[in-house]
Amino acid sequence: MATGRGWWVSPVLGVISWLCLVVAVSGIGANWGMQTSHPLPPSVVVRMLRENGFQKVKLFDAEEGSMNALRKSGLEVMVGIPNDMLAVLATSVKAAERWVKANVSDYINGGVNIRYVAVGNEPFLETYNGSFLQSTFPSLQNIQGALVKAGLSSQVKVTVPLNADVYQSSSGRPSDGDFRSDIRDLMLAIVKFLSDNAAPFTVNIYPFISLYSDPNFPVEYAFFDGSSAPVVDGSATYDNMFDANHDTLIWALKKNGFENLPVIVGEIGWPTDGDMNANIQYAQRFNQGFMTHIATGQGTPMRPGPIDVYLFSFIDEDEKSIQPGNFERHWGIFTYDGLPKYQLNLRTTNSGSLARAKNVKYLDKKWCVLKPSVNLDDSRIAPSASYACANGDCTSLGYKTSCGDLDARGNISYAFNSYYQKNDQDDVACGFSNLATITNRDPSTGSCRFEIMIEADSGISWTVWQIRYQRENLLLCVFVQLFLTLL
């Protein structure tokens, strides 16, 4: 996620026809993340993408179920390589060749329209403390070499999705933009490599993060219909943060000799829960404003023309890390079960609204709640609720969130139900030292939805479980070895 501090901006609104958008935007993409306990079947997600007029999809890993579902779908695919694979790919040409064969060549031969390989995901994020500085560029080079060897380098391009914190502006004006001083040489080496191989620069831009991290950030500047004071930069005027942030990158490229390098906006969006500024109203306002903005085809002052973009994200992910904030699990324009969260006209279909997932199978209509007879002073409540939240998802609880108006009993019931649903409504998962009970009465209130989990797609669940199991075992082995060295 981009921190994006220092850039404030907004665009020209206008109502244009669906036909004009198709010409102007040349395809809208979506990020399809899979860090979820109960994923929709991949075939359902692919159908949703197509019915909602998306032409492109960006994946964070070459997960077998999703890749197979994309065969002959007509969707362009950007397939990602997780950061934890970079160390191996950086040091082994053979590993890169094996990865390309298994995750690019074989799928292309099977009808998947792979156009990009995303090497890592925001690997130079400042919060990573340099963990991937040494492995990203060599991995990029080795994957490119493997694509050349496979005869795919003209069809499939490499890129590195980067956080907007890789560039800065000391004055806040885009024209003073340049790459971050501590990684400038590395960035220029990567940019030159991308340019030499006719590959794009991919950047993730998040006005929401600027608002979240900076209490002095002008709220209106995050949107495209705002009334904040514009930033004047020479002959250019910026009234929204996206344009200013984007053009700060263009200036950084220009002053280093790469003015014409193609740029992809790999992620942009707004979350709907988990923070006072993460709500349905702001998300609808931002995403609709952004779609209207890019539909004009005017681009930005420094880069006129259509913008290549992937919205973040398609569906909520209830198992994403909340280290950056509780909002991380609520970026989707669709809920976990494929329901549109708000009215959004992507201008890619005749209906002008989002199409929900079809044939979704839910678990039984029952919920786990705190027993009415239990006293709130019961000493078992605090540890039980903490356990439920740690192993469920309580990110919708808190100040000015969708469930922020619940009373104490409601908060506890929400926590219990989240754990219960994540565990497929197993009766044992509604025990909590005999504090909880199962009810057939929906406890949802107002904007607070007590979820009923969907039937998990077993193929994805098993694959994801295997990946997590292998990684956890690897970490355990490392810990044991470290422990033994200390004896």
Side-chain angles (χ1 to χ4, degrees), residues 26-34 39 41-86 88-90 92-121 136 138-161 193-202 262 264 266-267 308-311 314 457 459-460 463-464 466-467:
S26 69
I28 186 76
N31 284 269
W32 177 8
M34 300 175 195
S43 59
V44 171
V45 177
V46 170
R47 182 177 178 180
M48 288 173 65
L49 287 164
R50 296 181 65 185
E51 289 183 348
N52 284 286
F54 287 94
Q55 287 86 37
K56 303 174 293 187
V57 64
K58 179 167 165 276
L59 308 176
F60 295 91
D61 203 347
E63 193 280 319
E64 184 179 1
S66 57
M67 294 296 284
N68 284 332
L70 287 164
R71 296 178 189 271
K72 299 180 180 179
S73 65
L75 293 166
E76 292 185 5
V77 179
M78 179 186 292
V79 60
I81 298 176
N83 289 337
D84 59 9
M85 292 184 64
L86 297 181
V88 172
L89 296 174
S92 173
V93 172
K94 290 295 184 183
E97 291 174 353
R98 286 194 297 269
W99 189 92
V100 165
K101 181 184 184 307
N103 300 294
V104 181
S105 301
D106 288 353
Y107 284 117
I108 286 178
N109 292 335
V112 181
N113 185 19
I114 299 175
R115 302 298 296 273
Y116 301 102
V117 173
V119 181
N121 184 48
T136 300
S139 295
L140 184 70
Q141 292 171 306
N142 286 344
I143 291 295
Q144 173 64 21
L147 289 172
V148 171
K149 185 174 181 179
L152 295 171
S153 59
S154 61
Q155 174 183 348
V156 182
K157 298 299 179 181
V158 291
T159 190
V160 181
F193 185 82
L194 294 174
S195 178
D196 290 345
N197 290 282
F201 189 109
T202 300
I264 292 174
E267 296 179 21
D308 197 354
V309 62
Y310 295 79
L311 292 183
F314 196 56
D457 181 75
I460 277 196
T463 301
V464 171
Q466 284 181 309
I467 292 172

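Atom set for the values below is all heavy atoms of this structure, side chains included, hydrogens, waters and symmetry mates excluded. By convention here, the first residue in the shown sequence is residue 1.
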Rounded at 0.5 Å granularity, tell me how far NZ in Lys58 sits from CG in Leu311. 11.5 Å
For Asn142, check side chain to side chain contact (heavy atoms under 4.5 Å, CB included) against everything at least two apart and list the hits. Val93, Ala96
Taking atom OG1 of Thr202 and atom CD of Glu267, what is their separation to the nearest 0.5 Å? 10.0 Å
To check you understand the geometry: which heavy-atom pair defines the closest contact between Val112 and Arg71, and what is its length? CG2-CG, 3.6 Å
First locate atom CD1 of Ile81, then atom OG of Ser139, and finally report the distance between them rounded to the nearest 0.5 Å. 7.0 Å
Give, for atom CG of Asp84 and atom CG of Asp61, the distance between the pair rounded to the nearest 0.5 Å. 8.0 Å
Tightest non-hydrogen contact, residues Gly80 and Trp99, listed as O-CZ2, 3.9 Å
Side chain to side chain contact (heavy atoms under 4.5 Å, CB included) partners of Ala95, counting only residues at least two apart: Val88, Leu89, Ser92, Arg98
CG of Leu152 to CD of Gln144: how many Å apart, nearest 0.5 Å? 10.5 Å
Taking Gly53's backbone N and O only, do any of them form a donor-acceptor pair with Gln55's side chain (distance below 3.5 Å, no angle check)? yes
Contacts of Phe54 meeting ring pair (Phe, Tyr, Trp, His ring centres under 6.0 Å) (sequence neighbours excluded), chain-then-number -> Phe314
Which pair of non-hydrogen atoms, one from Val158 and one from Leu194, has the smallest distance, and what is that distance? O-CD2, 3.7 Å
Listed partners of Lys94 passing salt bridge (charged side-chain N to carboxylate O under 4.0 Å, His left out), at least two apart: Glu97
If every non-hydrogen atom of Ile114 is compared with every non-hydrogen atom of Asn103, which pair is closest and at what distance? CD1-O, 3.5 Å
So does Pro161 get a backbone contact from the side chain of Asn121, meaning a donor-acceptor N/O pair under 3.5 Å? no
Inter- and intrachain pairs under salt bridge (charged side-chain N to carboxylate O under 4.0 Å, His left out), touching residues 105-121, at least two apart: Glu76-Arg115, Lys101-Asp106
For Pro138, what residues pass the side chain to side chain contact (heavy atoms under 4.5 Å, CB included) criterion, not counting sequence neighbours? Ala90, Gln141
Is the closest side-chain heavy-atom distance between Ser66 and Leu59 below 4.5 Å? yes
